[in-house]
Undergrad: 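Let me give you the structure first, and then I'll get to my questions.
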Amino acid sequence: SGGSEGIGRAAALSMSEEGANVVICARRADVLNRAADDIRRATGGKVLAVPADVTRIEQIQSLFETIIAELDDIDILVNNAGASSEMAFEAAGDETWQVDLDLKLFAAVRSSWLAVPHMRARGGGRIINITTFGGKVPEAASIPTSVSGLLELL
């Protein structure tokens with residue numbers, strides 16, 4: 001997830017360079033497709049771009065259905081979706097917390113739930129959760145990002 005830019009795109013590029021078939025997802029289809037095209041050109045590998053909002057369980061389920069239909073299996077899951085949202089504790093209302101936790105924590109949990117049975121059936125796999133350093137060393141006014149980052153580390 002979060003495969004269209006930054007760390008997610010770099011991870012997809014690196015895995016494709018190593019010969020892996022790669023599926024990347026993100027919300028913005030135009031940026032996602034551009035990233036997939038760039039990775040394909042750079043590596044000659046198979047790269048599927050699947051637009052998905054990982055805060056929505058039905059879109060995560062559809063993503064995994066596409067992965068299994070196109071590739072038959074999954075070996076590595078990189079949970080990388082996220083956005084920085086930093087403010088003082090008292091400024092973060094219920095909606096701010098829910099949006100942050102849905103994107104960074106629950107998306108990773110739900111994706112892992114869907115990946116694990118396929119990994120177990122083939123004898124193993126890897127799940128990589130990428131989060132913020134702020135979860136280990138939070139700064140003042142770093143809510144809710146530092147909290148969701150800490151929860152992902154647990």
Side-chain angles (χ1 to χ4, degrees), residues 1-16 20-39 46-120 125-139 141-154:
S1 59
S4 62
E5 297 179 299
I7 293 170
R9 181 179 171 150
L13 174 63
S14 179
M15 288 185 225
S16 185
N21 293 323
V22 175
V23 178
I24 57 175
C25 77
R27 289 177 290 187
R28 295 177 295 156
D30 58 332
V31 179
L32 181 66
N33 288 324
R34 216 171 16 255
D37 289 342
D38 290 348
I39 295 168
K46 181 173 186 172
V47 181
L48 283 116
V50 181
D53 178 348
V54 295
T55 66
R56 300 180 51 146
I57 184 67
E58 69 277 2
Q59 290 191 29
I60 297 173
Q61 291 168 328
S62 179
L63 168 66
F64 277 82
E65 289 168 5
T66 299
I67 291 169
I68 299 308
E70 294 290 326
L71 302 176
D72 294 324
D73 230 325
I74 181 168
D75 297 305
I76 302 169
L77 170 64
V78 179
N79 289 309
N80 176 63
S84 183
S85 178
E86 298 180 338
M87 62 191 70
F89 178 78
E90 61 276 7
D94 189 66
E95 184 177 348
T96 300
W97 282 100
Q98 193 63 58
V99 166
D100 196 75
L101 292 172
D102 281 344
L103 179 61
K104 297 173 191 162
L105 178 63
F106 290 113
V109 169
R110 291 170 178 147
S111 295
S112 297
W113 279 338
L114 293 168
V116 165
H118 297 284
M119 291 177 177
R120 281 201 174 127
R126 297 291 181 265
I127 297 174
I128 302 165
N129 294 316
I130 298 175
T131 188
T132 177
F133 184 72
K136 288 182 127 179
V137 185
E139 294 183 19
S142 65
I143 299 298
T145 292
S146 61
V147 174
S148 58
L150 174 63
L151 291 172
E152 237 187 308
L153 291 171
L154 300 177

Undergrad: Hey, could you give me the NZ/CG distance between K46 and L71, rounded to the nearest 0.5 Å?
TA: 5.0 Å
Undergrad: Could you tell me whether the side chain of I60 reaches within less than 4.5 Å of the side chain of L114, counting heavy atoms only?
TA: yes
Undergrad: Taking all heavy atoms of G3 and all of I24, pick out the closest pair and write down the distance.
TA: O-CD1, 3.7 Å
Undergrad: What pair of heavy atoms forms the shortest contact from V31 to E5, and how long is it?
TA: CG1-CG, 3.9 Å
Undergrad: Please, which pairs that meet side chain to side chain donor-acceptor pair (under 3.5 Å) have at least one residue in residues 64-76, sequence neighbours excluded?
TA: D73-R122, D75-R122
Undergrad: Working to the nearest 0.5 angstrom, can you tell me the gap between I127 CD1 and S112 OG?
TA: 4.0 Å
Undergrad: So, for N80 and G2, which heavy atoms are closest and what is the spacing to 0.1 Å?
TA: ND2-O, 3.1 Å
Undergrad: When the side chains of residues 49-57 are checked against the rest of the protein, which donor-acceptor pairs come out under 3.5 Å, sequence neighbours left out?
TA:
from, atom 1, to, atom 2, distance (Å)
D53, OD1, T55, N, 3.0
D53, OD1, T55, OG1, 2.6
D53, OD2, T55, OG1, 3.3
R56, NE, E58, OE2, 2.7
R56, NH2, E58, OE2, 2.5

Undergrad: For R27, check side chain to side chain donor-acceptor pair (under 3.5 Å) against everything at least two apart and list the hits.
TA: none
Undergrad: Rounded at 0.5 Å granularity, tell me how far CD1 in I67 sits from SG in C25.
TA: 7.5 Å
Undergrad: Check whether more than 12 heavy atoms from other residues, nucleotides or ligands sit under 6.0 Å from atom CD1 of I128, and answer yes or no.
TA: yes
Undergrad: How close do A12 and I39 get, counting heavy atoms only, and between which atoms?
TA: CB-CD1, 3.8 Å
Undergrad: Could you grab the distance from atom OG of S14 to atom CZ of R9, nearest 0.5 Å is fine?
TA: 13.5 Å
Undergrad: Let me confirm one number: the CD-CZ distance from Q98 to F106, rounded to the nearest 0.5 Å.
TA: 6.5 Å
Undergrad: Nearest heavy-atom pair of M119 and L77: which atoms, and what distance?
TA: CE-N, 3.8 Å
Undergrad: Rounded to the nearest 0.5 Å, what separates atom CD in E95 from atom CG in D102?
TA: 10.5 Å
